[in-house]
2 protein chains.
Amino acid sequence: MLPNTAYAILGLLTFGRELSGYDVKKWADASLRFFWWAPATSHVYRELARLEELGLVTVRAAPDAQRRKRLYRITDAGRAAAAEWVTAPVAEPVVLKHPVALRLWLGHLGDGEQLRAVLEEHQVEARRLLWEIDQSIVASTDDAALEYPRLVLEWIRTIYAADAEATDTALGHLSR
Amino acid sequence: MLPNTAYAILGLLTFGRELSGYDVKKWADASLRFFWWAPATSHVYRELARLEELGLVTVRAAPDAQRRKRLYRITDAGRAAAAEWVTAPVAEPVVLKHPVALRLWLGHLGDGEQLRAVLEEHQVEARRLLWEIDQSIVASTDDAALEYPRLVLEWIRTIYAADAEATDTALGHLSR
DNA sequence: GGGAGCATGTAACGGGTTACATGATTGG
DNA sequence: CCAATCATGTAACCCGTTACATGCTCCC
């Protein structure tokens, strides 16, 4: 069984196009990041190499390339592996790594004023993230092939919106 | 700079008591898990050893112990390091690793019926998690020392509640 | 000319896991 | 007596990162 990040990268290749490693990284940053993780560039290349060894993707040199460029395409075996994985029982838990909550958890240690500042900074960040998700949602409308990605974006938008609102509430509690 | 998980473990020791590695693991599973991560048992012991080397905690053998048992206590330096970390600028992003959303994202690959089943399973899981958080919140009331942990639990409860509701919504979209 | 973006990787390392080893105590 | 829980760690491994190396192309 491959790690989920391998399936995430394989998944990017199921949306039809051939992608370079560079493309994969860009798409991961733009979408995967919100509900999974955006792997480092070097990680992407290593993962693609492994997928190729396993016969789940194939590579070819880009035809129009003076510049060096390798295009990856998912194979039938790859598509089958991905499809199987999608509906296999989910073993992993949902993980929320919230560095700001982790700090607030230790609020008894710190200066209240500075703690407020940390939360206020997060308030801004959380709103910016929401805005980015909204941009993604807008970009995915009118493309029937992106129906599921859009569904997911709307799902996790709810979650990040809850985070933003809960930040406000926590700040309210801190003032008192 | 130490990794956040080191501060998380150090943080557990700021709540007053001396803890064994075993205790740390238990508390991490019971609380940290919801908004950060519960490290593996072996990881806990390694991290405690490192904190001791750095002089942020001290160890002593448990006094009443026939059984082998080592109790860790935070030092002044440890408390200072934790306090400083709490209010230092937050560099890390909030990370949501949602294995179910990741699968739904590839919904175009799979059998719709089985995909529904995956989401329904998550629906159950999400509710159970909410219930566990509620238990934690209840357990933390009437203890003034747990004011901030409770604040955090209420914060992240909102987030997981949003996940649970969004799962329902997504399932609704799948039926149509 | 030079900076931003395109493009691909290798090497070294750290964070974190699973598997394994070992043994005491408690309670049904 | 036996299972569950308490209790501590080591070894091997994998996932993923940062730092680094390299070079092209586009546009100001």
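To find a chain, count down the sequence lines: A is the first, B the second, and so on, and within it residues start at 1.
- Of the candidate nucleotides dT17(D), dG16(C), dG23(C), dT17(D) has the atom nearest to the side chain of His43(A).
- Sequence order on DNA chain D of the closest nucleotides to Arg70(B) and Ala38(A) puts Arg70(B) first from the 5' end.
- Contact between the side-chain N/O atoms of Ser20(B) and the OP1/OP2 oxygens of dT8(D) is found at a separation under 4.0 Å.
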Would you sort out whether Arg103(B) and Glu92(A) count as a salt bridge (charged side-chain N to carboxylate O under 4.0 Å, His left out), showing the intermediate values?
CA-CA 12 Å; Arg103(B) 279 158 172 93; Glu92(A) 318 82 31; 3.3 Å; yes
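- Between dG23(D) and Lys69(A), no contact under 4.0 Å exists linking OP1 or OP2 to a side-chain N or O.
- Across dT8(D), dG16(C), dT8(C), the shortest atom-to-atom separation from the side chain of Tyr45(A) is found for dT8(C).
- Taken from CZ in Arg73(A) to CZ in Arg60(A), the straight-line distance is 6.5 Å, to the nearest 0.5 Å.
- At the heavy-atom level, Ala6(B) lies nowhere under 4.0 Å from the strands shown.
- For the pair Tyr22(B) OH and dA24(C) C1', the interatomic distance rounds to 12 Å; values are reported in whole Å.
- Close placement of the Phe15(A) and His108(B) rings is indicated, their centers lying within 6.0 Å of each other.
- Evaluation of atom-type donor-acceptor distances gives no pair under 3.5 Å for the side chain of Ser42(B) against the base of dT8(D).
- In this structure, Glu47(A) places its CD atom 13 Å from P of dC14(D), rounding to the nearest Å.
- Rounded to an integer number of Å, the gap from Arg50(B) CZ to dG9(D) P is 16 Å.
- The distance from atom CG of Leu19(A) to atom P of dA7(C) is 11 Å, rounded to the nearest whole Å.
- In this structure, Arg68(B) does not reach the dC6(D) phosphate: none of its side-chain N or O atoms is under 4.0 Å from OP1 or OP2.
- Between Arg50(A) and Glu53(A) there is no salt bridge, since none of the side-chain N atoms of the basic residue sits less than 4.0 Å from a carboxylate O of the acidic one.
- Candidate nucleotides dT17(C), dC15(D), dT8(D) were compared by shortest atom distance to the side chain of Pro39(B), and dT17(C) ranks first.
- A straight line from CG of Asn4(A) to P of dG16(C) spans 17 Å, rounded to a whole angstrom.
- Separating the CZ atom of Arg67(B) from the P atom of dG9(D) is a distance of 14 Å, rounded to the nearest angstrom.
- In the interface, the side chain of Arg46(A) is not paired with the base of dT8(C) through any donor and acceptor atom under 3.5 Å apart.
- dG15(C) atom P lies 13 Å from atom CE of Met1(B), rounded to whole Å.
- Within the structure, every side-chain polar atom (N or O) of Trp36(A) is placed at least 4.0 Å from both OP1 and OP2 of dG16(D).
- The CG atom of Leu71(B) sits 11 Å away from the C1' atom of dA7(D) (whole-angstrom rounding).
- Residue Thr5(A) is classed as a sugar-phosphate contact, given heavy-atom separations below 4.0 Å to backbone atoms only.
- A donor-acceptor contact closer than 3.5 angstrom is absent between the side chains of Ser140(A) and Asp143(A).
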